[in-house]
Amino acid sequence: MEVLKRGLVLLMVFMVFQRGEGQLFENFYRGTCPNLEMIVKQVVSIKFSQTFVTIPATLRLFFHDCFVEGCDTSVMIASPNGDAEKDAQDNLSLAGDGFDTVIKAKQAVEIQCPGIVSCADILALAARDVVVLAGGPSWEVELGRRDGLVSQASKVAGNLPDPEFNLVQLNTIFAKNNLTQFDMIALSGAHTLGFSHCNRFSNRLYSFSSSSVVDPSLDPNYAQQLMQACPQNVDPSIAINMDPETPRTFDNVYYQNLVSGKGLFTSDEVLFSDPASQPTVRDFASNPGNFNGAFITAMRKLGRVGVKSGNEGEIRTDCTKFNS
């Protein structure tokens with residue numbers, strides 16, 4: 001009897017470690033859609049072969065989704081009135097290729113497992129898959145999310161980090177989502193991929209302060225490169241790489257750039273300039289394994305933010321529309 005009790009306790013402990021917040025499990029669809037991960041991975045790979053933008057667009061979509069209403073693909077809802085989450089000012093720059101990746105993956109999954117898998121879980125899997133395609137680490141994705149029933153543009157403001165945030169502001173907004181400063185610095189490493197429009201950082205080049213037009217924390221040569229790419233009154237659709245060294249590879253060069261004064265946003269640069277976060281940046285810059293491990297942990301934690309499970313939410317048939 002004692003052996004049986006001990007066995008049950010060990011089983012319960014194992015289940016707790018396999019389970020995320022909101023009843024998420026790594027093998028949630030084992031019995032209902034066993035080929036899920038293979039299907040999503042295949043679609044993501046095809047989409048990536050068509051355009052590299054698939055990678056940063058999908059990763060950023062996951063982040064923006066989870067920080068507003070939790071990881072429930074509320075960001076994917078299309079409203080005829082232009083008042084859904086994706087219509088908010090902070091989300092207008094989300095690249096269409098991220099949305100398209102999830103839509104195509106959902107369509108493929110529906111063929112084999114109709115009405116079973118949420119769009120939220122497909123986005124979580126796709127976010128992992130694009131990191132791997134860019135040369136980054138892989139991890140087991142906890143699953144079991146349901147899709148949200150609310151998507152309002154008015155809920156976005158104040159819930160996403162701003163490119164001009166200082167460390168305290170960054171920590172505050174991440175803490176609201178149960179993410180630590182260490183998690184925040186690791187997730188900022190996603191800026192090793194992707195691009196930004198010039199207006200998101202032009203103040204650092206042309207109107208930084210009364211005493212210095214150019215942000216003095218910027219490497220002078222890098223500042224000149226940015227000015228050439230983003231002259232004043234440039235076309236607002238012009239975008240540049242966030243990582244000037246290895247923009248198509250998921251690596252720790254982002255942190256090396258910060259040490260060299262080549263962080264694009266103020267919110268990037270502050271991670272190195274603030275003494276409270278600088279040691280972590282230096283560690284990640286020198287130790288890619290430490291960064292990868294921290295990024296995996298942070299992505300798993302991010303994936304648990306505000307999830308709907310059980311009888312909450314729904315399993316959307318079309319990721320861009322509520323079922324009813």
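- Under the 4.5 Å side-chain contact rule for hydrophobic residues, Ile103 and Leu123 share a cluster.
- Under the disulfide bond (SG atoms under 2.5 Å apart) criterion, the residue pairs touching residues 191-293 are Cys198-Cys230, with sequence neighbours excluded.
- Phe182 has its ring centre less than 6.0 Å from the ring centre of Phe284.
- Checked against Lys47 for a side-chain hydrogen bond (donor to acceptor under 3.5 Å, both in side chains), the options Asp97, Asp129, Thr101 give a single hit: Asp97.
- Annotation: the span from Glu26 atom CD to Arg30 atom CZ amounts to 10.0 Å, rounded to 0.5 Å.
- Taking the six-membered ring for Trp, Phe201 and Tyr206 have ring centres at least 6.0 Å apart.
- Both tests hold for Arg248 against Phe52: distance to the six-membered ring centre under 6.0 Å, angle to the ring axis within 45°.
- Within a 6.0 Å sphere centred on CG of Asn233, heavy atoms belonging to other residues, nucleotides or ligands number 12 at most.
- The disulfide bond (SG atoms under 2.5 Å apart) pairs that include a residue from residues 83-144 are Cys33-Cys113, Cys119-Cys319, where partners are two or more places apart or lie in different chains.
- The residues Lys155 and Glu85 are annotated as not salt-bridged, no charged nitrogen and carboxylate oxygen being separated by less than 4.0 angstrom.
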Give the C-alpha distance, both sets of side-chain angles, the deciding distance and a yes or no for ring-ring contact (aromatic ring centres under 6.0 Å, His included) between Tyr255 and Phe272.
CA-CA 8 Å; Tyr255 301 100; Phe272 180 73; over 10 Å; no
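- Ion pair Glu110/Arg316 not flagged as a salt bridge, since none of the NZ, NE, NH1 or NH2 atoms sits closer than 4.0 Å to an Asp/Glu carboxylate oxygen.
- Leu92 shares a hydrophobic cluster with no other residue; no ILVMFWY side chain has heavy atoms under 4.5 Å from its own.
- Counting heavy atoms from C-beta on, the side chains of Ile296 and Phe291 never come closer than 4.5 Å.
- Side-chain contact annotation: Asn177 with Lys301, donor-acceptor N/O pair under 3.5 Å absent.
- Donor-acceptor pairing under 3.5 Å is recorded for the side chains of Asp318 and Thr320.
- Judged purely by atom type and a 3.5 angstrom limit, Lys104 has no side-chain atom pairing as donor or acceptor with the backbone of Val102.
- Ring geometry, His191 versus Tyr254: the interplanar angle exceeds 60°, so the pair is classed perpendicular (tilted spans 30 to 60°).
- Residues Ser267 and Leu170 have side chains in contact (heavy-atom distance under 4.5 Å, counting atoms from C-beta outward).
- Between Phe63 and Phe174, the ring planes are tilted. Angles from 30° to 60° get that label.
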